[in-house]
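See structure below.
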Amino acid sequence: MESATLPRFKFQSEKLAYEEVFRANGLPRAAPKKVVGVIAELMKSLIEENERYSGGVESKLTTFNARKLPKIGIHDYLLRFLVSADCSVESYILALIYIDRLTTSHETFLVSSMNVHRLLLVSIMSAAKFFDDKFYSNEMFSRIGGISNKELNFLELEFLSLMKFNLHVTTEVFLNYYTRVVIGD
């Protein structure tokens, strides 16, 4: 997604508040449930595509792989964060960008049904820490995500390492993803 040629947006600086950027570009404010629904569908499509690409063979094991298939679906898992984590809509968009960056920069890393939940957990948490003024502790995120705090701390470090500790996203890239998620192509 990030590399595609997309429309240019009006913005004066990276520090311009997103509310002002939305208004300046005539973009609607996103409904959180819609954003979560679109991201869930994108993750499902990505998993299906990866399974076709890999011939149904599970991708190489990553530290994000669960021992067994989670019983909760992707949409319900994301709704759990929407209800309990109080993250901004921007955090969900950033999490999507992070996952896209991760899979683009590490071609052997495939999002699968065995790792998508942990990947969403750590990417949403990282985005909230990076963007939101108020965010929950790792301990609270681990409860919401259904894993131990120790495991989440390990996954967070692994995720940040894979991301080369770069969570910055330009306003233009953010708005391109936001537009695709909120308005669609």
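In this text, all values refer to a predicted model and were calculated from it rather than measured experimentally.
Proximity of Asp132 to Asp86: side-chain heavy atoms (C-beta onward) are nowhere separated by under 4.5 Å. Looking only at side-chain heavy atoms (C-beta outward), Leu167 and Lys129 stay at 4.5 Å or farther from each other. Between Thr103 and Asn50, every side-chain heavy-atom pair lies at or beyond the 4.5 Å cut-off. Looking at heavy atoms from C-beta onward, Leu120 lies out of side-chain contact with Phe81 at the 4.5 angstrom threshold. In this structure the side chain of Arg80 reaches within 4.5 angstrom of the side chain of Ile72, judged on heavy atoms. In this structure, Ser148 and Phe154 have side chains that are not in contact, with every pair of non-hydrogen atoms separated by 4.5 Å or more. Taking the side chain as every heavy atom from C-beta outward, Glu51 and Leu110 never approach each other to under 4.5 Å.
Listed for the Tyr177 side chain is no donor-acceptor partner under 3.5 Å among the backbone atoms of Leu94. Without hydrogens or angle criteria, Ser142 side chain to Glu139 main chain gives a donor-acceptor distance under 3.5 Å. Remark: side-chain polar atoms of Tyr92 are paired, donor with acceptor, to backbone N or O of Leu82 under 3.5 angstrom. Judged by distance alone, the side chain of Lys34 and the main-chain N or O of Val182 form a donor-acceptor pair under 3.5 Å.
Residues Ala30 and Tyr178 share a closest heavy-atom pair of N-OH, 2.8 Å. Among all heavy-atom pairs drawn from Leu152 and Asn138, the shortest one is CD2-O, 3.3 Å. What you find for Tyr77 and His117 is that their closest heavy atoms are CE2-O, 3.2 Å. Among all heavy-atom pairs drawn from Ser88 and Phe131, the shortest one is OG-CD2, 3.6 Å. Closest non-hydrogen pair, Phe135 versus Ala128, comes out as CD2-O, 3.7 Å. Nearest heavy-atom pair, Ser112 versus Asn65, reported as atom, atom and distance to 0.1 Å: OG-ND2, 4.5 Å.
Both Leu102 and Phe165 are part of a single hydrophobic cluster, where members link through side-chain heavy atoms under 4.5 Å apart. Note on Ile183: it clusters hydrophobically with Ile93, by side-chain heavy-atom contacts below 4.5 Å among ILVMFWY residues.
Here Glu41 pairs with Lys44 in a salt bridge; the nearest charged N to carboxylate O distance falls below 4.0 Å. Taking a cutoff of 4.0 Å between a charged side-chain nitrogen and a carboxylate oxygen, Glu90 and Arg29 qualify as a salt bridge.
With sequence neighbours left out, Ser84 forms a side chain to side chain contact (heavy atoms under 4.5 Å, CB included) with Ile144. Scanning for side chain to side chain contact (heavy atoms under 4.5 Å, CB included) contacts around Phe64 gives Thr62, Phe109, Asn115, Arg118, Leu119, Val122, Leu155, Glu158, Phe159, Leu162, with sequence neighbours left out.
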Does the pair Arg101 and Val169 meet the rule for a side-chain contact (heavy atoms from CB on, under 4.5 Å), with working shown? CA-CA 10 Å; Arg101 275 187 186 171; Val169 172; 3.6 Å; yes
